[in-house]
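Notes to accompany the following structure.
All values below come from the heavy atoms of this structure, side chains included, with hydrogens, waters and symmetry mates left out. Note on naming: letters A, B, ... go to the chains in the order of the sequence lines (proteins, then strands), and numbering restarts at 1 for each one.
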Amino acid sequence: MIVENLTVTAQEQLTSNVFKMKLTGDSVAEMTDPGQFVHMKVSNGIDPLLRRPISICDVDLNAKELTIIYRVEGKGTKILSERNDKETINVLGPLGNGFPTDHLHEGDVALLVGGGVGVPPLYYLAKKLVEKGVRLKVILGFRTANDVFLEEEFNEIADVTVTTEDGSKGIKGYVTDAIMQIEEVYQSYFTCGPTPMLRAVQQTAKSDGFVSLEERMGCGVGACLACVCDVAEEYIADGRKYRKACSDGPVFRAGEVLI
Amino acid sequence: MIVENLTVTAQEQLTSNVFKMKLTGDSVAEMTDPGQFVHMKVSNGIDPLLRRPISICDVDLNAKELTIIYRVEGKGTKILSERNDKETINVLGPLGNGFPTDHLHEGDVALLVGGGVGVPPLYYLAKKLVEKGVRLKVILGFRTANDVFLEEEFNEIADVTVTTEDGSKGIKGYVTDAIMQIEEVYQSYFTCGPTPMLRAVQQTAKSDGFVSLEERMGCGVGACLACVCDVAEEYIADGRKYRKACSDGPVFRAGEVLI
Amino acid sequence: MSQLRVELPGLSMKNPVMPASGCFGFGQEYGRFYDLNQLGGITVKAVTTEERPGNPTPRVAEVDGGMLNAIGLQNPGLEHVTQHELPWLEKYDIPVMVNVAGFVMEDYIHVSKHLSKVKNVSAIELNISCPNVKVGGIQFGSDPEVAAELTRRVKEVATVPVYVKLSPNVTNIVDMAKAVESAGADGLSMINTLVGMKIDVKTGKPVIANKTGGLSGPAIKPVAIRMIHDVSQAVKIPIIGMGGIHTADDILEFFMAGASAVAVGTANFVDPFACPNLISDLEVRMNELGIEDINDIVGRSWGKCNDVLSSSR
Amino acid sequence: MSQLRVELPGLSMKNPVMPASGCFGFGQEYGRFYDLNQLGGITVKAVTTEERPGNPTPRVAEVDGGMLNAIGLQNPGLEHVTQHELPWLEKYDIPVMVNVAGFVMEDYIHVSKHLSKVKNVSAIELNISCPNVKVGGIQFGSDPEVAAELTRRVKEVATVPVYVKLSPNVTNIVDMAKAVESAGADGLSMINTLVGMKIDVKTGKPVIANKTGGLSGPAIKPVAIRMIHDVSQAVKIPIIGMGGIHTADDILEFFMAGASAVAVGTANFVDPFACPNLISDLEVRMNELGIEDINDIVGRSWGKCNDVLSSSR
Ligand SMILES: Cc1cc2nc3c(=O)[nH]c(=O)nc-3n(C[C@H](O)[C@H](O)[C@H](O)COP(=O)(O)OP(=O)(O)OC[C@H]3O[C@@H](n4cnc5c(N)ncnc54)[C@H](O)[C@@H]3O)c2cc1C
Ligand SMILES: Cc1cc2nc3c(=O)[nH]c(=O)nc-3n(C[C@H](O)[C@H](O)[C@H](O)COP(=O)(O)OP(=O)(O)OC[C@H]3O[C@@H](n4cnc5c(N)ncnc54)[C@H](O)[C@@H]3O)c2cc1C
Ligand SMILES: Cc1cc2nc3c(=O)[nH]c(=O)nc-3n(C[C@H](O)[C@H](O)[C@H](O)COP(=O)(O)O)c2cc1C
Ligand SMILES: Cc1cc2nc3c(=O)[nH]c(=O)nc-3n(C[C@H](O)[C@H](O)[C@H](O)COP(=O)(O)O)c2cc1C
Ligand code: FES
Ligand code: FES
């Protein structure tokens, strides 16, 4: 966990409101776990005051280059989208626990399900799994064809199905509609996206899996208890009835926390 | 009085903490009176919240280019010094009443006394007076030789004496020391600088004159009454016992307001 | 524009936005920037019986997310205001609310009585909460019984609706609101500024000559929203909301908290066109969010308008 | 570093900076970033008799110049804290202040009594001001008599110094301070958060599940400075100042207002290294301003230290 001023090396607009940014700096060398996130101070001063959590989408360890993909939601991400090449951004990270992959072995099949800006962290995960020889079924859900991003990149390394709510691209409907069409057996699934989607995926998927949560954060490091989630009865350990999304998560075993 | 996003065309560092900035835009065409000021929103958003009053130092009416010279004092001027070419800055102005010059005629002599960042507004004034054929005696006071700026520009159009507190350049001492050495008769004087200096100049100078004040401002347009100064007994008119530095001033007849 | 129209006692406003007292003089300064007829109404600077010189300068200081002010109720006095300032506003077809301040109850009563007779005064706003006046003043704003008595006595003489402007510097603002409501107040204005201070570390002294000043601007908005949320559920009279409004979304937030109109203070200093800009932005934003009538969202955060909707449709 | 040393009852601090309660857990998280021995002291999260699950999420919301929180005193309870959390801090040579909360007086008494016996507890901070707990709690913080009685009864059982953390959400904070001082408080912590609210205009509902939350961060600094300025002139016990500290100049401002030490809350979230950075910046800034000993400037804004200086030299 390091705080460093990373230098912006690229900023690219992917859709009407989604941007891809690349940043470089020494701390990127620590960003080895897909599913972890960085906590970004998008501007100096107090406007806005707090950091913004953004998932690690890809890392080039040699070039010490981090890629993030983010959607402009409010003030913070708007400012982020206006930051230019060569400017620096204060970044705290990597934070949290990412997607575990030790349980998967060469030849296994893994299902990756992403929705909207839940897609980015799955890309770094996909690369790691492919390296391991794990075969992937990837389902990416968006609202419309215009909102789709990262499809090509995923296509290069995996079998990808896109769903759109209006059917303007791929399967019409939700990611769960695509999950139900999978006939192959998969050993594990990994999912990230809006909470209702996570709930639906948990119910639909036919294996154990891991979900990555979004919670409002204060500190991002486990100190303020802003981001707690209740734990399912059977996961209570040492009397701890909650988990902190920032430091225990953001990735949890499906079913561990109540969402 | 207009609000406009002016475009920065130049930013130059003059001394360790004094900068010169040029900005262009249509509203510059209105900036015809030396001694008026502009009210600048140095950044978007709330950090900092209020505008900063800065004097008009020079105007190129053809190029619609405004020049300001400012010292980095705190947060606002620091941010101003970091603004780059082609960026825009929201500027309200011209505001206030500048230096009257109608009472001076060709061949008259005028004394201009500036201290520190009180020097800039006198430059535009000097140019206007020279155009009128008024002869100038200019006294510029700084702390040390390293703090001197605008001397060359003044030298091109007038007879300039520099004073420094440590004697590292020009006359050692205060502007009043230089005023006392003037033997020639002058018809009027104009002064801008820190309040103690204005007081001293009022006492020392041997003619009627005009002083430009600095007061903390809220609105800059006369609505909030943040910037009021008490009026000397003999200047009370219509029962109004005060003047607003922003809209009645910032230039006042010497002796009109109590400083 | 009819989606913006609001009706409050004495204030028939084509849109819910008016400048806040003390931040707009008597209108002339901003009248040079735009046609004041664009406004929903106007609240003018505090008026006292006699002329007041106000506090020494510096009177303002900037702080993070806001500013402190200690103007000290400077104003030319009742007579000058009625003879010179208010007549100038007659050419505009907008309701005028006059902010009234004083040091003893008789001051408020005297000023309110005389202002009631002025042709274009639509309502009176009792400033019982100015934190920058040393004598009296502040007590009116923190003791429910005193505030109620003041309201009652002003109501006896006033022939236009009376709004009471509440101070946020109290333990229980709901009690204050209920007290002035039962004393006959026609509406509430909230909030006035929070008492604050800034010290110059170079001199070790307060930046403002008066030492303390009133904190306004975005910094106080969460406090204003909370107080309006609480008070609007406890009283039936309308609330004019204020405190840190800088965007159209802020206005919607105040309405959803329970306000029926809003006033804009500090934002005028940041941008002289703040009020007209907010009015046009508000319409755009309402259309984006599918809000057909601004009155539909009053108190939505605690269910007021949901109730109305479900019972009326 | 001796220019930074401060001595308060129970708290012998090599520098005047400690993290504020609730913003630093029990130290372990930030202990991963730096050696906690750099701190002047540490204030840990509120402890209650029994384990508390806290409020539903969202528990935080960002606002201009600050944030709202409604954590709801989540903590593992007295027993777990004394057996697992506090022992971890034993390896550090810094004073530990434990924040104590409760719902009835007996809670405070019980927790304070037991914490007093824990080896490395240097002082207790009575959190009589948490705005996020519905039952009890808040009353302690707004009624001088109740606060005094609570202080008196805790003092009877506590064997370490007791600080009372005051709520800013009161009409008269000086009365609160005087009441707890005469009840035996060894020091004051001020201020806790201002009660605020934010509404999501898209949903019309409060962003925070608990509806209201406590406002912290730079937005509240002017209120904190004003209150400390007023209280420090009325009491003799030392004040730990907090509320929006983000820079070394802020710390100097709190001292000049009348604080004898400071606590840093929200700034830790903005920068995990906030506390150690502030400590080193403070020394630099004091040298720039020619302040030889931080104790020399306590209350300078109202002349306390000037008085001391002129009488002693
Ligand atoms: C672990 C984690 C990883 C994330 N990864 C990504 C990503 O890779 N790409 C991406 O586009 N978005 C991601 N998000 C969501 C992203 O953090 C928010 O969209 C962003 O904080 C919004 O900030 P804003 O200032 O633009 O919006 P505003 O609405 O102005 O933000 C106001 C406050 O709410 C918080 N907030 C708003 N929305 C969210 C949210 N969905 N989750 C958490 N806090 C929120 C902000 O951080 C800020 O404190 C992630 C969130 C989490 C918790
Ligand atoms: C009519 C007028 C003309 C001016 N012209 C110039 C100029 O040409 N060049 C120049 O360098 N400076 C000029 N000043 C001073 C300049 O406005 C301040 O230095 C500047 O506002 C400081 O802002 P800051 O954020 O850097 O400092 P901070 O100290 O952080 O400012 C905090 C607040 O105090 C106000 N403030 C601080 N110092 C002053 C001051 N001296 N006068 C008024 N307000 C102040 C700021 O506007 C701001 O609201 C002028 C001031 C006035 C009133
Ligand atoms: C410079 C200034 C002067 C003010 N004068 C008055 C006044 O005379 N009477 C009054 O009731 N409120 C006065 N106020 C308070 C405002 O009307 C308003 O309640 C407060 O500023 C909060 O709104 P804002 O955050 O939009 O500024 C004044 C505020 C400022 C900033
Ligand atoms: C997330 C969070 C949790 C807090 N928890 C507590 C607490 O448990 N007990 C307490 O007395 N104060 C608590 N506070 C208040 C802080 O200790 C401090 O008084 C306040 O935040 C003002 O300081 P700041 O502006 O530096 O944050 C909490 C504040 C925050 C932001
Ligand atoms: S964000 Fe602070 S504990 Fe998770
Ligand atoms: S700054 Fe508002 S009246 Fe001058």
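- Counting heavy-atom neighbours within 6.0 Å of B/N44 CG, excluding the residue itself, gives a total of 12 or less.
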Intermediate values then yes/no, side-chain contact (heavy atoms from CB on, under 4.5 Å), C/F33 and B/L92
CA-CA 11 Å; C/F33 287 93; B/L92 162 63; 3.6 Å; yes

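- Annotation: side chain of C/F24 is not in contact with side chain of B/C224 (no heavy-atom distance under 4.5 Å).
- Residues satisfying the salt bridge (charged side-chain N to carboxylate O under 4.0 Å, His left out) criterion with B/D47, sequence neighbours excluded, are B/K75.
- In C/K211, the NZ atom is not crowded: 12 or fewer heavy atoms of neighbouring residues, nucleotides or ligands sit closer than 6.0 Å.
- With C/E62 contributing its side chain and B/L50 its backbone, the two residues share a donor-acceptor pair below 3.5 Å.
- Atom CD of B/E82 is surrounded by more than 12 heavy atoms from other residues, nucleotides or ligands within 6.0 Å.
- When every heavy atom of C/C23 is checked against every heavy atom of B/A223, the shortest pair comes out as O-CB, 4.3 Å.
- A salt bridge links B/K241 with C/E51: the closest approach of a Lys/Arg side-chain nitrogen to an acidic carboxylate oxygen falls below 4.0 angstrom.
- Atom OG1 of C/T266 and atom CD1 of B/I46 lie 12.0 Å apart (nearest 0.5 Å).
- A salt bridge links C/E29 and B/K244; the closest N-O separation between the charged side-chain nitrogens and carboxylate oxygens is under 4.0 Å.
- A distance-only check finds a donor-acceptor pair linking the side chain of B/R51 to the backbone of C/V270 [under 3.5 Å].
- Here the closest non-hydrogen pair linking C/T57 and B/V228 is CG2-O, 3.3 Å.
- Only the side chain of C/H246 has a heavy atom closer than 4.5 Å to any heavy atom of chain B.
- C/N268 does not touch chain B: none of its heavy atoms, backbone or side chain, sits under 4.5 Å away.
- Within a 6.0 Å sphere centred on NZ of B/K86, heavy atoms belonging to other residues, nucleotides or ligands number 12 at most.
- Considering every non-hydrogen atom in both B/A226 and C/V60, the closest pair reads CB-CG1, 3.5 Å.
- Contact record, C/P218 with B/L49: CD-CD2, 4.0 Å, taken as the closest heavy-atom pair.
- By the neighbour-count criterion of 12 heavy atoms within 6.0 Å, atom CD of C/E50 is sparsely surrounded, having that number or fewer from other residues, nucleotides or ligands.
- Contact of the C/F269 side chain with the B/M217 side chain is not registered, since no non-hydrogen atoms from C-beta on lie closer than 4.5 Å.
- Using modelled atom types, no side-chain atom of B/R216 and backbone atom of C/R59 make a donor-acceptor pair closer than 3.5 Å.
- Here the closest non-hydrogen pair linking B/V3 and C/D271 is CG2-OD1, 4.3 Å.
- Under a cut-off of 6.0 angstrom, the local environment of CZ in B/R199 is crowded, with over 12 non-hydrogen atoms contributed by other residues, nucleotides or ligands.
- How far CG of C/L73 is from CG of B/L225: 11.0 Å, rounded to the nearest 0.5 Å.
- Applying the salt bridge (charged side-chain N to carboxylate O under 4.0 Å, His left out) rule to B/R240 yields the partners B/D248; only residues at least two apart in sequence or on another chain are considered.
- More than 12 heavy atoms of other shown residues, nucleotides or ligands fall within 6.0 angstrom of atom OH in B/Y70.
- Proximity to chain B (any heavy atom under 4.5 Å) is shown, for C/F26, by neither the backbone nor the side chain.
- Remark: B/E233 CD is loosely packed, at most 12 non-hydrogen atoms of other residues, nucleotides or ligands lying under 6.0 Å away.
- When each of C/P53, C/A61, C/G25 is checked for heavy-atom pairs under 4.5 Å with chain B, C/G25 comes out on top.
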